[in-house]
Amino acid sequence: MFKNNYLKSWLVIFLCLVLVLGFFTLNCLAAEKVKAGFIYVGPIGDLGWSNAHEQARLVLEKTYPWLETVYVEAVPEGEVEGVIDRLINQDNVDIVVTTSFGFMDGTLNAALRYPAKIFFHCSGFKRAPNLATYMADFHQVYYLDGLIAGALTKTNKIGYVGAFPIPEVKRHIDAFTLGVRRVNPKAEVNVRWINAWYNPQAAKEAAESLISEKIDVLAFTEDSQTIVQVADKYGLPSFGHYSPMYKYAPDHIASGQLVHWEVIYLDFFAKVYAGFYNNKNLQNVDYWWLMKEKAVELGADFGMPINSVYQEQLKNFVIEDSFFGKISVFDLVAKLQKEMADPEYTFSPFTGPIYDRQGKLRVPAGVRLSMEELITIEWAAEGVVGPWPGEPEK
Amino acid sequence: MDLEFWIVTTLNRALAYGTPILLATLGEIYAERSGVLNLGVEGMMILGAFFAFCTTFFTANPWLGVLIGALVAGLASLLHAFLSITLRVNQIISGLALTMLGLGISGTLGRGWEGKILESTIASVEIDYLSKIPILGPILFTNQNSLVHLSILIAFGLWFLLFKTRIGISIRAVGENPAAADVMGINVWKIRYLCVFLGGLLAGLAGSYLSVAYQPAWASGMTAGMGWLAVALTIFAFWNPLLGMVGAFLFGALYHLSFRLQNWVAPEILNSLPYLFPIVVLIIVARFASKKRIGAPAVLGQPYKRGE
C-alpha cells in the first residue's frame, strides 16, 4: 500500500514536470508568432459592419501562418478600454484592432498606456506613435449607385434610409445624390433617419413610410438586409450595403456597396511583421482606401457590378452628359468606375462646381474636395429632401 | 397630399406594426387579471420569434412555425407560473428572470441564424373584393397579413370571454379576491396557471409574427422592447382587451409617423415620441383614476395561499 502511494506521488510529480515543460515549449513556439486582437462594436452575425471586419479577419488568419487572432464582439463603445486591457494582459496580444468610430478615445488612451503595443483604429482621426488609423470609404461607390438609381426611378423620388446624421453618412448620401442628379436632374432623394446602426424594425418602417410617399428606388445605411427585403416585397430596385445581399432579392437588387477590409489588413500586418511599421512610427499612418486600392467594390455581390435584370434598362437610358456627351447610363457607370479605379484617380465625385440644397456654392468649379473636407462634410447636396440635422446655416 | 391618403397609409402600417404589441398585451391582460404579474413578456416573445423562425426554416411551413413558437413561449411561461403560483416567489423577480433567460437562450442559440432566408413565409395578402371597401378596404385588406386579422378577432374574443362569460367572472374574481373565489369553489391555481399559459402562447404568437410574417428574418434581440411596451400598455388599457387594441394600434401609428413626419419635425424628437406616450398615459392613470374604477386587479402580484 505504502509503496503504491510512493509510486503515485512520483508519477504526479513527473506529470507536473511534463506539463510545465510542455507549456514552456509551447510558449517559446508562440513567441515567434504575432498575435492580434480584434474588437467589434456589433455582433459578428449582423450583415453589416462588424461582419465585414470578421470576414476580413478570417482571410487574414488564413493568409498569414505567423499570425494568430482573437476577437471580442458586441463591445459597447464606452467599455473598449477594459476589453483592450484584457486582450493585452490576459491574451497577450501584440496588435489591437478597434473597429468603431466610438472606440477612438478609448483606443488612444490605451495606446498611451501600452507604448510597446501597436494599435489600429478604424474610421477615427486621432493617432499616436503606436496608433494608426484606417478607413475604406464608400463615397465613390455610392456615386455610381446614384447614377443607376437616377436611371431606374420612374416617379423621380428615391428613398434613402440613413443610420445617424453624421459626416460619414452625409458624405455617402451627398455622393449618391450627386450621382442621381447627373443622370436625372429632376429626381430627388428623400432621406429618413432611424438613429441606429442596427435596428431592422426601424429600417423596415422607415422604408414602408418612404414607399407610402411614392418613392420607387431604395438605398440605405443600416447593418441588416431588411430594406433589400422590403423593396423586394414591393418589386422595387434597391442597393445592398456592406455585405453581398444579392441572395435576398435576386430579381430586384440593382447593385450596392461592398467592402474588402482584408486588403487594408493584409497590407498593414505585413508591414508590421516586416518591421516597416513599429510602435514608434505610426503617427502619420492613415489608410484612406478607395476603389483604386480595391478596398471597396460596386455590386450586389462580388464580381457583379450591376444585376443583369437591370442592365437592359440602363443601356437604353441614354443621357446628354456634360463630359462624355451622348452616353447610356450603363456605359457611364463603367467609364467612371474605371476612372476611379485608375492609379491616377482621374475622377472624383466631389469635383466642383457643386451647390448645396440651399443654393450655396460648396465646391468651386474645377476644385476637388480633399480628404479632410470629405470627412467633416455637413452640407446637403442639391436634390436631397428631408431632415438634415446639423445642416450649416446659409 | 390629401388627408384620406395619409390616414389610410398610416392606419395600414399601424395595424402591421401594432399587431405583435397587441398580442403580447392581450396575454399580459389575462395574466394580470388573474392576479399574476408577468414581466417575462419580452423573453417569451423572443423565444417564440426564434423557434418560429427555426421551425419554418427546417419545415418550410410558416404556420407550423407559428404553432411551435407559441408553444415554446407557452412552456416558458409555465416556468414563471410554477415559480410564482406554486412556489409563491416574488413575481417581479421571477418575471425579470424569464425575460433575461429568453433573451439569453435565443441570443446563444441564434448565433449563425442571422441573415438566413426562409423559403416560405406568411405573406401579406390583398383580398380582392374586401379591399374595394372605401377607407376600410385599403387599411385592413391591402398588403396586410392574415395574422393581423386573426389578432383582431382574438382581441374581440378575449374581451367577450373576460366580460360576458362565467369563465371571465371566475378569472376576474381570482384577481380581485382569491380567498373568496376559493370559497366559491373556483380553482384559483388552475385559473392562474391557465391565464399565465395563455399569456405565454400569445407572447409567442407575437414573436412568431415578427420573425416569419412581419419581417421574415432572425435578428438577436429583435423584439426590441416590445414586450416591455406590452406591460405598460396593459395598464394603459385598464386591463381591457379592446382598449389594449386601441393602445397597440395607436403606438403603431405613432411609430409609423415618427418616420413619416421627419420632413417637418426633428427625427430625434419623433423617434422618442412613441415611447413618451406610455409614460404620459401612466402619469395620467396614476393622477386621475382611482385603482378600483379602472380595473386594476386588487391582488396583482400577490401570491395566494389558502387560509391566509
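Small disclaimer: the values here were computed from a predicted structure and weren't measured. Chain letters run A, B, ... following the sequence lines, proteins first, then strands; residues in each count from 1.
Of all the heavy atoms in A/A202 and B/F259, the pair that sits closest is O-CZ, 3.5 Å. B/Y214 and A/K204 make their closest contact through O-NZ, 2.7 Å (heavy atoms, listed as atom of the first residue, atom of the second, distance). Between B/S220 and A/Y198, the shortest heavy-atom distance links the atoms N-OH, 4.4 Å.
Residues A/S212 and B/R260 have side chains in contact (heavy-atom distance under 4.5 Å, counting atoms from C-beta outward).
The number of heavy atoms from other shown groups lying within 6.0 Å of CZ (A/F302) is above 12. Within 6.0 Å of CD1 in B/I269 there are 12 or fewer heavy atoms belonging to other residues, nucleotides or ligands. No more than 12 heavy atoms of other residues, nucleotides or ligands lie within 6.0 Å of CD in B/E119, so this atom counts as exposed by the packing criterion. The 12-atom threshold is exceeded at CZ of A/F164, counting heavy atoms of other residues, nucleotides or ligands nearer than 6.0 Å.
If you measure heavy-atom distances from B/T121 to chain A, you find no contacts under 4.5 Å at all. Looking at B/L270, neither its backbone nor its side chain comes within 4.5 Å of chain A, counting heavy atoms on both sides. With a 4.5 Å cut-off on non-hydrogen atoms, A/I194 touches chain B through its backbone and its side chain both. Residue B/S258 does not touch chain A at all, counting heavy-atom pairs closer than 4.5 Å. Both the backbone and the side chain of A/P387 come within contact range of chain B, judged by heavy atoms closer than 4.5 Å. Only the side chain of B/Y255 comes within less than 4.5 Å of a heavy atom in chain A; its backbone stays farther off. Neither the backbone nor the side chain of B/A266 comes within less than 4.5 Å of any heavy atom in chain A.
Heavy-atom proximity under 4.5 angstrom to chain B picks out A/Q225, A/T226, A/Q229, A/V230, A/K233 from residues 225-233 of chain A.
Formation of a donor-acceptor pair under 3.5 Å by the B/Q262 side chain with backbone atoms of A/W193 is found in this model. Put simply, the side chain of A/E205 never gets that close to the backbone of B/Y17: no donor and acceptor are under 3.5 Å apart.
Remark: A/E213 CD to B/N263 CG distance equals 7.0 Å, nearest 0.5 Å.
Among the candidates B/E268, B/H256, B/R111, B/Q215, the residue making the largest number of heavy-atom pairs closer than 4.5 Å to chain A is B/Q215. For the options B/I117, B/T9, B/L257, heavy-atom pairs under 4.5 Å to chain A are most numerous at B/I117.
The list of side-chain hydrogen bond (donor to acceptor under 3.5 Å, both in side chains) pairs with a residue in residues 234-247 of chain A, not counting sequence neighbours, reads A/Y142-A/H241, A/E208-A/Y234, A/Y234-B/N143, A/H241-A/Q257.
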